[in-house]
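Below: one structure, written as structure tokens.
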Amino acid sequence: MRVGYGYDLHRLAPGRDLWLGGIRIDYDRGLVGHSDADVLVHAVADALLGAAALGDIGQHFPEHDGRWRDLKGSALMERVMGLIAEKKFKPVNVDCVIHAEKPKLSQYRDAIRKSIADMARLPAESVNVKFKTNEGLDAVGRGEAISASAVALLSDA
Ligand code: MG
């Protein structure tokens, strides 16, 4: 058994779609980034890579490499799953937190959970998604950014 941790943060800005865990969220702003800026997928992917001691998504999908521009979360996760499978690992469970002041996300909980489970080839019962505000403090609390953190457990495939 191997545990890994991942964290990510992206800025919110108008004129962008908001993607969290592969689900499009209805909001007037979205996360800014080279890829689709899906902060939850990035945290989960880094947790999976971390558990396999495979570095981080910045190494595997460098921004200077134009191939990864607008990379979808689902495509990124497919590649990460391939990398951990090469190391003969498979996910056991994933637990994650989305830190967002706005929008309210509880109505998306089941969809995000199912989406992350599908990407990690797990049953929904093996994925947990939590939502936290930052009590109005810092960039997340002011609604200028959304961050996510995740832990993942891997076992031998
Ligand atoms: Mg990111």
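Indexing begins at 1, ligand by ligand and atom by atom, following the structure's order.
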For this session: Output yes when a side-chain donor or acceptor of His42 lies under 3.5 Å from a complementary backbone atom of Leu9, and no otherwise.
Result: no
For this session: Answer yes or no: is there a donor N or O on one side and an acceptor on the other, between the side chain of Arg29 and the main chain of Leu12, under 3.5 Å?
Result: no
Exercise. Can any side-chain N or O of Arg11 pair as donor or acceptor with the backbone N or O of Ala145 at less than 3.5 Å?
Worked result: no
Seminar exercise, completed: Under a side-chain separation threshold of 4.5 Å, the hydrophobic residues clustered together with Met1 are Val3, Val92, Leu153
Exercise. Between the side chains of Thr133 and His99, is a donor N or O closer than 3.5 angstrom to an acceptor N or O?
Worked result: no
Problem set entry | Glu135, CD: over 12 other non-hydrogen atoms inside 6.0 angstrom | no
Seminar exercise, completed: Atoms of type N, O or S from the protein that sit nearer than 2.8 Å to the Mg ion (ligand 1) number exactly 3
